[in-house]
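To start, the structure under review is shown below, and the notes come after it.
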Amino acid sequence: MDTAGKNQRAGWTIRRVESTGSTNADLLAEGSQGAPDRTVLRTDHQTAGRGRLDRRWEDVAGKNLLVSFLFRDVPDAPHVLTQAVALAAVEVARGVGVEAVLKWPNDLLVGDRKLAGVLAQAGPVVKGDDDAGRPGFVVVGIGLNIGAAPDGATCVREHVHGDVPSPDDWMLRMLPVMDDLLGAGPGVLHERYRSRLATLGSRVRAELPDGSRITGRAMDVSADGRLTVLDECAVTHRLDTADVVHLRAAD
């Protein structure tokens with residue numbers, strides 16, 4: 001069943017389906033057909049969900065938040081859209097008593113266990129007057145464990161002793177937070193992102209796409225989203241793509 005119009009929020013077009021392959025894939029297709037800015041697609045179950053680095057995203061039907069957001073107002077630095085979605089989920093979690101933090105670039109953790117993952121995918125590039133071009137739209141999806149979690153991960157239910165928001169309620173709580181974050185400008189959003197980023201100051205292992213690894217301390221994240229790591233030989237690296245592992249003192 002496809003539902004629309006229920007519990008809509010001004011400025012957002014919300015649609016819900018019981019099951020689909022991937023909400024990101026669906027919105028990418030709809031974006032190419034002209035779907036409006038701030039279109040939202042939520043489902044109870046995904047059969048082909050994907051996370052970062054093409055990992056499969058597992059879910060239990062009806063238990064977790066599986067939702068994607070389409071943005072046509074794409075800023076010069078599109079990664080801020082991903083940060084806004086991740087931050088909104090963090091703020092909702094903290095609002096119900098879950099001490100969620102971010103792991104670079106956009107995973108949500110409670111302690112050292114994963115609560116949510118965020119994946120952004122860009123639509124076709126549209127050339128501007130300067131020929132530089134930028135995506136005509138960006139789709140940002142989040143899978144957040146509310147009522148169930150795969151092995152090694154965690155869910156909201158494990159940390160809240162009272163009522164837990166439903167997936168739909170959680171999504172609706174995120175929308176005004178995203179409105180505020182995106183309306184505040186990139187500088188404010190960046191500082192909010194840094195304040196929730198547990199990676200900063202941590203000893204980390206960065207696993208790069210080419211199979212190499214960098215071990216060191218995460219020193220900062222720049223406005224362009226890159227992570228600065230000072231390795232064990234005092235060499236500075238600026239990373240734009242990596243799988244980061246937070247290391248304990250003994251690791």
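Between the side chains of Ser222 and Asp224, at least one donor-acceptor pair of N or O atoms lies under 3.5 Å. With hydrogens and angles left out, the side-chain atoms of Asp112 and His246 include no donor and acceptor closer than 3.5 Å. In this model, a donor atom of one side chain and an acceptor atom of the other lie less than 3.5 Å apart for Asp210 and Ser212.
Put simply, the side chain of Ser166 gets close to the backbone of Asp169: a donor and an acceptor are under 3.5 Å apart. Judged by distance alone, with hydrogens and angles left aside, the side-chain atoms of Thr43 form no donor-acceptor pair with the main-chain N or O of Gln46 at under 3.5 Å. In this structure a side-chain-to-backbone donor-acceptor pair under 3.5 Å is present from Asn64 to Ala148. A distance-only check finds no donor-acceptor pair linking the side chain of Asn106 to the backbone of Ala86 [under 3.5 Å]. Checked by atom type and distance alone, the side chain of Asp37 pairs as donor or acceptor with a backbone atom of Arg72 at under 3.5 Å. Under the 3.5 Å distance criterion, the side-chain polar atoms of His79 are matched with a main-chain donor or acceptor of Ala223. With hydrogens and angles disregarded, no donor-acceptor distance shorter than 3.5 Å links the side chain of Arg38 to the backbone of Thr13. Side-chain N or O atoms of Arg173 include none that pairs as donor or acceptor with a backbone N or O of Ala93 at under 3.5 Å. Judged by distance alone, with hydrogens and angles left aside, the side-chain atoms of Lys114 form no donor-acceptor pair with the main-chain N or O of Asp107 at under 3.5 Å. Put simply, the side chain of Arg238 never gets that close to the backbone of Thr228: no donor and acceptor are under 3.5 Å apart.
Heavy-atom minimum distance, Gly147 versus Cys155: C-SG, 3.9 Å. Closest approach of Ala88 to Leu181, counting heavy atoms only: N-CD1, 4.1 Å. Here the shortest heavy-atom pairing between Leu189 and Ala84 reads CD1-CB, 3.9 Å. Nearest heavy-atom pair across Val110 and Ala100 is CG2-CA, 4.3 Å. In this structure, Phe71 and Val140 approach most closely via the heavy-atom pair CE1-CG2, 4.1 Å. Nearest heavy-atom pair across Ala89 and Trp170 is O-CZ2, 3.9 Å.
Inter-residue side-chain proximity for Leu208 and Leu239 is flagged as met; some heavy-atom pair is nearer than 4.5 Å. Within the 4.5 Å cutoff, no side-chain heavy atoms of Asn145 are placed close to those of Thr154. Between Arg16 and Ile14 the shortest side-chain heavy-atom distance falls below 4.5 Å. Side-chain contact check for Leu175 versus Phe69: some heavy-atom pair is nearer than 4.5 Å. Taking 4.5 Å as the limit, some side-chain heavy atom of Trp12 sits within range of a side-chain heavy atom of Asp179. Looking at heavy atoms from C-beta onward, Leu66 lies out of side-chain contact with Pro167 at the 4.5 angstrom threshold. Residues Met174 and Leu65 have side chains in contact (heavy-atom distance under 4.5 Å, counting atoms from C-beta outward).
Under the 4.5 Å side-chain contact rule for hydrophobic residues, Leu182 and Val177 share a cluster. Cluster annotation: Val156 and Leu109 are assigned to distinct hydrophobic clusters (Ile/Leu/Val/Met/Phe/Trp/Tyr, side-chain heavy-atom contacts under 4.5 Å, transitive). Clustering ILVMFWY residues whenever any of their side-chain heavy atoms sit less than 4.5 angstrom apart, transitively, puts Leu172 in the very cluster that holds Leu87. In the hydrophobic clustering of this structure, Val101 does not group with Leu200; members are Ile, Leu, Val, Met, Phe, Trp, Tyr whose side-chain heavy atoms approach within less than 4.5 Å, directly or through other members. One hydrophobic cluster, built from ILVMFWY side chains closer than 4.5 Å, cannot hold both Val188 and Val80; they sit in different ones.
Rounding to the nearest 0.5 Å gives a distance of 5.0 Å between CG of Leu41 and CZ of Arg15. Atom CE of Met219 is separated from atom CG of Leu227 by 10.5 Å, given to the nearest 0.5 angstrom. In this structure, Ser68 OG and Asn24 CG are separated by 3.5 Å, a value rounded to the nearest 0.5 Å. Separation of atoms CZ (Arg205) and CG (Asp243) is listed at 9.0 Å; rounding is to 0.5 Å. The distance from atom OG1 of Thr215 to atom CG of Asp231, rounded to the nearest 0.5 Å, is 8.5 Å. Note that NE2 of His190 is 9.5 Å distant from CG of Leu197, once rounded to the nearest 0.5 Å.
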(request) Kindly determine whether Val164 and Val96 satisfy side-chain contact (heavy atoms from CB on, under 4.5 Å), including the steps that lead there. (result) CA-CA 8 Å; Val164 173; Val96 298; over 6 Å; no
(message) For Arg157 and Lys63: C-alpha separation, side-chain torsions, deciding distance, then whether side-chain contact (heavy atoms from CB on, under 4.5 Å) applies.
(response) CA-CA 10 Å; Arg157 171 59 67 189; Lys63 294 288 188 179; over 6 Å; no
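Residue pairs meeting the side-chain hydrogen bond (donor to acceptor under 3.5 Å, both in side chains) criterion with at least one partner in residues 81-92, sequence neighbours excluded, are Glu91-Arg196.
Classification of Arg42 and Asp44 as a salt-bridged pair holds, one side-chain N sitting under 4.0 Å from a carboxylate O. A salt bridge links Arg194 to Asp220: one of the charged nitrogens lies within less than 4.0 Å of a carboxylate oxygen.
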